[in-house]
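Read the structure below first, then the notes.
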Amino acid sequence: MSELSADERRVLDMVDDEAILADLAALVGIPSVGGSAGEVEAQQWCADRLRVLGLQVDEWELDLPELSADPDFPGAEVERSRAVGVVGVLPATAGTAGSGRGTGEPALAFCGHTDVVPPGDVDGWTSDPFVLRVKDGVGHGRGVCDMKAGVVAMIGAVDALRRAGIPREQPIAVHCVSGEEDGGLGAFATLRRGHRARTCVITEPTAGAVIPTNAGSLTFRIEVRGLATHGSQRWQGVSAVDKLDVVQRALRRLEQERNAEIPDEFSHLKVPWPLSIGIVRAGDWASTVPDLLIAEGRYGVRPGEAVADARAAFERAVAEEAAADPWLRDHPVDVSWPGGTFASGRLPEGHSLLGEVTDAAATVRGSVPPAVGAPYGSDLRLYAAAGVPTLQYGPGRVEQAHAVDESVELDDVLGCARVYALFALRACCARR
């Protein structure tokens, strides 16, 4: 935990709490569900806001056919006819040592996604999910935690750095992306466009921790076949629903085997790489034995594990269990992999970014944040794969993400904004 310099105190004083909370209300008010018009609107809002704050903005239409045809495309789970990329850059101050480098290599990029998952049954919400509701210092609304709080905090931090007027030797970038929830389209497109930085902080919710590594996840689809007959003669047929039990045995055993050995950074989690079924569809008539069941779910990828190896382990487990069942032996279970591909990702071992963000957080917030692994996939793996050292630190708790009455503590949002402002200052300005 380091002492603050005069410049550091100045930039922290420049963080505008009212503006950040107003931005949060405005952004939550845009229903930016993946694949909707609101997803584009939220990106356009970010571009406009960054221009108003004086950043140089690259706003572009994503070429969806070209991106999806790329062999490394991370996949998608919703249909889109349009998507927009947004990068804002606060350039180096004219006359400083690094100002001649322009915006070619920012010292730091902040990255946050503006798309959200659907609110589900809105009758279960206390109030309109797309209107920010504040009660007892907590903000509620769809996307307020995952991760619009992080987006407005990083924007507010860079604005504080700009208004502080301290000479900047290197640029700072703000990457606003969409399509993260279903694969990472926006980050993939941003990196493919050539936007890079020496380091990156993704402002996902981390519950006060710093996350230098995360696991991955895949969406699987299982098709189980049965034999249809009239329900009054069910013993004459084979229920695909009953045969799902066979597959479930394989999946439970696979999850147990894959979580038998847990690295230290994931030891705080009961099940670091879980496996679960989230959707089940079967049958088309109440009095007919169903001859087809389709189940879809989430499958955790271990750190450092190749996606192809994770898929092979899953397919092998299902096939071996099915081979022991007389019906499924002759009617194999089909396994496919729709949707996004979230590989695992990590900050390079020993990289200084971890210590630098940890010190900034400890200096602002008074305690040293733990460094832990996260069990979910994020855009971290795309930046890491592109050679940009990246970690996650941001407001909110992941258990609030995607939840009914999703929430974030506003003091956490404002505290993170100050951590970002201090770290950005140290990244791009000479210490004095």
Side-chain angles (χ1 to χ4, degrees), residues 71 73-78 182-183 214-263 266 269-344 375-377 381:
F73 181 64
E77 297 181 17
V78 301
D182 66 309
N214 57 18
S217 67
L218 301 170
T219 298
F220 63 83
R221 177 180 292 138
I222 294 171
E223 297 185 21
V224 183
R225 287 170 175 78
L227 178 64
T229 190
H230 195 281
S232 67
Q233 305 290 307
R234 69 174 182 81
W235 59 88
Q236 303 279 8
V238 177
S239 171
V241 174
D242 291 344
K243 291 304 176 183
L244 178 61
D245 290 344
V246 177
V247 178
Q248 280 279 60
R249 286 199 300 270
L251 299 187
R252 285 191 290 268
R253 186 164 55 250
L254 177 63
E255 181 187 66
Q256 184 177 20
E257 292 171 353
R258 290 172 61 79
N259 286 274
E261 296 183 6
I262 300 174
F266 291 89
L269 298 166
K270 183 177 180 179
V271 185
W273 8 102
L275 196 168
S276 63
I277 291 176
I279 299 173
V280 176
R281 298 185 296 271
D284 55 10
W285 196 255
S287 60
T288 299
V289 171
D291 61 357
L292 176 65
L293 179 144
I294 299 176
E296 297 180 4
R298 179 194 185 277
Y299 173 49
V301 178
R302 296 181 293 192
E305 181 180 31
V307 168
D309 291 343
R311 286 174 172 163
F314 185 100
E315 292 169 2
R316 183 168 55 251
V318 172
E320 289 176 354
E321 191 71 26
D325 180 89
W327 173 263
L328 294 179
R329 186 184 307 127
D330 295 330
H331 303 83
V333 176
D334 289 334
V335 177
S336 57
W337 303 94
T341 300
F342 288 86
S344 63
Y376 51 82
R381 94 279 190 195

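Side chains are part of it too, since the values below use all heavy atoms of this structure and drop only hydrogens, waters and symmetry mates.
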**Request:** Return yes if some donor-acceptor pair links the side-chain N/O of D182 with the main-chain N/O of E77 below 3.5 Å, else return no.
**Result:** yes
**Request:** Check whether any side-chain N or O of N259 sits under 3.5 Å from a backbone N or O of W273 as a donor-acceptor pair, and report yes or no.
**Result:** yes
Report yes if some heavy atom in the side chain of [X] is under 4.5 Å from a heavy atom in the side chain of [Y]; otherwise report no.
X: L227; Y: W327; result: yes
X: V224; Y: L328; result: yes
X: R381; Y: S344; result: no

Below 3.5 Å, can you tabulate the donor-acceptor pairs from side chains in residues 305-315 to any protein atom, sequence neighbours excluded?
{"residue": "E305", "atom": "OE1", "partner": "R258", "partner atom": "NH2", "Å": "2.7"}
{"residue": "E305", "atom": "OE1", "partner": "R302", "partner atom": "N", "Å": "2.9"}
{"residue": "E305", "atom": "OE2", "partner": "R258", "partner atom": "NH1", "Å": "3.0"}
{"residue": "E305", "atom": "OE2", "partner": "R258", "partner atom": "NH2", "Å": "3.4"}
{"residue": "R311", "atom": "NH2", "partner": "T341", "partner atom": "OG1", "Å": "3.4"}
{"residue": "E315", "atom": "OE2", "partner": "W337", "partner atom": "NE1", "Å": "2.7"}

Between [X] and [Y], which heavy-atom pair has the shortest distance, and what is it?
X: N214; Y: G377; result: ND2-C, 4.3 Å
X: F342; Y: L218; result: N-CD2, 4.2 Å
X: L251; Y: V318; result: CD2-CG2, 4.0 Å
X: P375; Y: R298; result: O-NH2, 3.0 Å
X: D291; Y: A228; result: CB-N, 3.6 Å
X: F266; Y: P272; result: O-CG, 3.9 Å

By the salt bridge (charged side-chain N to carboxylate O under 4.0 Å, His left out) test, which pairs, at least two apart or in different chains, include something from [range]?
range: residues 332-342; value: R225-D334
range: residues 273-284; value: R281-E296
range: residues 323-333; value: K243-D325

**Message:** For A250, give me all partners under side-chain contact (heavy atoms from CB on, under 4.5 Å), at least two apart in sequence or on another chain.
**Reply:** E321
**Request:** List for me each residue that meets side chain to side chain donor-acceptor pair (under 3.5 Å) alongside W285, sequence neighbours excluded, and say none if there are none.
**Result:** S287
**Prompt:** Could you state the interatomic distance from CG (L244) to CD1 (I277), rounded to the nearest 0.5 Å?
**Reply:** 5.0 Å
More than 12 foreign heavy atoms under 6.0 Å from [atom1] of [X]: is that the case here?
X: Q256; atom1: CD; value: no
X: R252; atom1: CZ; value: yes
X: Q233; atom1: CD; value: yes

